[in-house]
Structures are given as structure tokens and as C-alpha cells.
Amino acid sequence: MTATLKPKIKIYTKDNIHTLPQFEKISKEKQFELKVVASILPFRVNNYVTDNLVDWDNLESDPLCHLNFMQKDMLSESHFNSVAQLISTNQGNTPLFFQTVNRIRLELNPHPSGQLTSNVPNHDDEPVSGVQHKYRQTVLVFPKQGQTCHSYCTFCFRWAQFSDLDDLRFATDQHRGFLNYIKEHKELTDVLITGGDPMIMNARILKTYIEPLLGPEYSHIQTIRIGSKTLSYWPYRYISDRDTNEVLALFEKAVAANKTLAFMAHVNHHRELETDAARQAVKAIQGTGAIIRSQSPILKHINDAAAIWERNWNLQVRMGIIPYYMFVERDTGPQNYFAIPLIKALEVYRTALKNVSGLARTARGPSMSATPGKVNIEDVQVIRGQKVMVLKFLQGRDPEWVGKPFYAKFDPEAKWLTDLKPAFGEKQFFFERDIRVVNSAISNI
Ligand code: SF4
């Protein structure tokens, strides 16, 4: 389906944001704050987002403004002040400024869960660049050309991918060793092509990642997942871009080759799906036989209310999208600004879930993608007189961990797995004993 309208993307960064038609709606103070924070965290927004999603008359509380525009409190006071002081004294282009920026970035845990090294497998004694193999059946591929997005989410846990610190980038190399790795690892069933946003790549490049997987040597791969936020940030990708028809034909080809093509849509707020373009894009993708599933972290200032999730999940079911995950904001970058206590996340999840029909109850969560695996917060119970949080692995570095409940002391403030302490006088969680063995097994795969 190709619409007659052909919108052209215009990207705004910290260097040209003053040319945004709505720029004067941002107060002078906020403009300065944006400049300071955007020196540390990557900032990019496009004209689709600014024209269709942001509510310019309600910037202070607009969730979609918070989704894309930096706020002062996304940095700690000391980080903010060190950069602000250099900018306001005209030292924004000095070696001291760049040293300060780099130091702060490194203090923000740029690669949570040790991703840069601990999930990278070896092949022929060499690390396979741009690949993470954390769970037995699923491999993540980070295409070199897909390490950017049409707009950047302020909460992004992959923000380091977009920073200009070269050694923080994670992407495939030109030798494409990941294909050999996937071919030889018959235990794999799922390949997740991720980024950035792989749908930023043109159809010709996207094909070089997807088409090989349709060949007979890859018959063990049953699902190709594409993680993307294009439904929210550039739905024209499936309506009117120059290579839209090629992209849709590629999806059809993958489905015809008996693969499940799972489009993993990042949708943080129902408003992202309420535009005509998003509706058309969803229909176009579904018309290829691809399945759309949705996921999002739960985020203060954006979606930390049950009513937002209810409306989002209901709308998704109406559009034929399968709600998949509610994640917890990860321990990196501006986590302090967005994270809410795990107990509050559980409350929001449960309240939303009980108010939607069975078909919308497919979303799992709240779940932490932590170093040992995906840990779900299941419940709060009193056991042997102790109030505890019940947790469970949905995915584990060791598959034996999956599904087994384990217990943490009740902590109403905890926001991440590492904030929790084992219940019942245990010194450590059971997986902490086993993780070194598993790590060494994985690095020798
Ligand atoms: S679309 Fe995904 S990868 Fe891109 S900035 Fe947003 S969360 Fe990060």
C-alpha cells in the first residue's frame, strides 16, 4: 500500500534545535537545560514526532515531551552543574568540556549488565562482533548500519550506542561473522535484529541481514524478530518511503519462507498509536503476514499509571497487536529520572491487567532485564512470618533457573534487582552462586 503523500523526514539535534518551528514554545530556561543534558545524553527528534505526538501547549506534563525532550533532572545536580558551568562560561568546545562529558557518561553505567563483553560469544576463538547470545535459543544481532533511530527516547538504555564515545559502540563488523555463528549454532531458534532501530536501514541493507536467514542452512531459525520504534517515530516507513514496497515485500518473503516475522514494536504510550499514519503502518505490516508484539518499560513522567497501560493494551488488541512485555527501567543513564519502585510497577501492572480482557493479558511483567536474566516481579507474600517479594526468572543465563520462584526481603524503595536482598537470612540469591560457572560456559560456546 503506497499513499500519495510522501512526507520528508527532518531531524533536529542539539545543534539545530533552534530551527524547530515550535522552538519558541520552550522557555529560555528549558532551552538551556536541554542544551546541557543533550551534551551528555543523545538527543534527536524528528518532524513527525514534533508535529504529531508532542503536545506543545502542555509541555511540562506531556508524556511525549518527556519521551523525547531532555529535562534538567535527567542528570544529577553535580553532573548538570559541571556541564552548565562550562557552557555558560563559553567553554563548551574546549578539551575540558569533552573530558567532563566523557567522564560523566562513563559514570552513568553506559553498558548495563556488562553487555559490551559478557554476552558476546566466541567463534573460532574470536569474539563475534555485534552479537549477544545471552539465552540459549535467542541471539541478538546489532547491524552496523542500524545503530541509530528516527528519534531518540530520553530513557533509552542503549543511549551509549548513540554517543560519540567510539569504544561504547556495539555493532556487527564488515566480515559478518554473525552469520557463520548462527549457521553453526543449531540450538538457536530466534534471531533478534536490533539496534538502535534496524528499520532505519534501507531495504537493500536490511535484506542483507534477513535474506540469508531464509536459506536452508538456517532452517533451525524459526523466528526473525525486528525490534523497532518506527510505528511511533516514522510510520511512513511502511506507507510512503521510497523503498516501502521493498521493505514490505521482504517481510512477505520471510513469512513465505516459513519464518515467523515478529515485529517487536516499542510503544510507551497509547498516543503513539493514535495517529492515522501509525494505524496505516500497522495494517501495512500485518498485511505481509508479520505479527506485531509490543513492549515498553514503565516510566515515571511517561506511563506510570494503570489507566495508560489499560488504554494502550486495549488499543493494541483492537489493532491486532499482541501486548508482550512491561519492563522495568534499566540501571543506566537517566534511570533516576524514570525508574519507579518495583512494588509500584507491580501495582500498576496488576491494576491494568485486571481491567482488560483476556486477550490483552498477554503482557508479562514487570520484568527486569538484568545480568543473570529476565527477572519478573510476581507477588508480595507473607511466608514464615516474613513479608517477601516473590520473583521468578522468565529467561535465565542458565535455562534451569527459568520458572523457579525465589524470594527477596520486601523493599518498597527497591528499583532494580541489585537493590534487593535475599529473604529468610540467605547470604545470596541462588543464581549468584551459579553465575560464574554459567558465564564461563557461555563465553566458551
Ligand atoms: S527507539 Fe529504542 S533504541 Fe532508539 S532511542 Fe528509543 S529506546 Fe533507544
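Computed from a predicted model, the values in this text were never measured in an experiment. The first residue of the sequence shown is numbered 1, and numbering continues consecutively from there. Atoms within a ligand are numbered from 1 in the order they appear, just like the ligands themselves.
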Exercise for the section: Taking the six-membered ring of Phe32 (Phe, Tyr or Trp), confirm whether the NZ or CZ of Lys35 is under 6.0 Å from its centre and within 45° of its axis. Expected result: no
Practice task
May I ask you to check if Lys72 and Phe80 form a cation-pi contact, with NZ or CZ under 6.0 angstrom from the six-membered ring centre and within 45° of the axis?
Solution key: yes
Handout entry: Lys207 with Glu246: basic N within carboxylate O range, under 4.0 Å
Key = yes
Handout entry: Carboxylate-amine/guanidinium contact Arg311 Glu274, below 4.0 Å
Key = yes
Practice task
Could you tell me whether atom 4 (Fe) of ligand 1 has an N, O or S atom of Cys149 under 2.8 Å away?
Solution key: yes
Exercise for the section: Mark yes when over 12 heavy atoms from residues, nucleotides or ligands other than Arg136 sit less than 6.0 Å from its CZ; otherwise mark no. Expected result: no
Exercise for the section: Answer yes or no: does atom CG of Asn81 have more than 12 heavy-atom neighbours from other residues, nucleotides or ligands under 6.0 Å? Expected result: yes
Problem - atom 8 (Fe) of ligand 1 [closest protein heavy-atom partner, distance rounded to 0.1 Å] - result: Cys156 SG, 2.3 Å
Practice task
Could you list which atoms of ligand 1 come closer than 4.0 Å to a heavy atom of His266?
Solution key: 2 (Fe)
Fill in the blank from the handout: One finds that the ligand 1 atoms under 4.0 Å from a non-hydrogen atom of Lys229 are 1 (S)
Practice task
Look at ligand 1 and say whether Gly195 reaches it with a heavy atom at a distance under 4.0 Å.
Solution key: no
Exercise for the section: Could you establish whether Arg158 and ligand 1 come within less than 4.0 Å of each other, counting only heavy atoms on the residue side? Expected result: no
Problem - Any N, O or S atom of Cys153 closer than 2.8 Å to atom 6 (Fe) of ligand 1 - result: yes
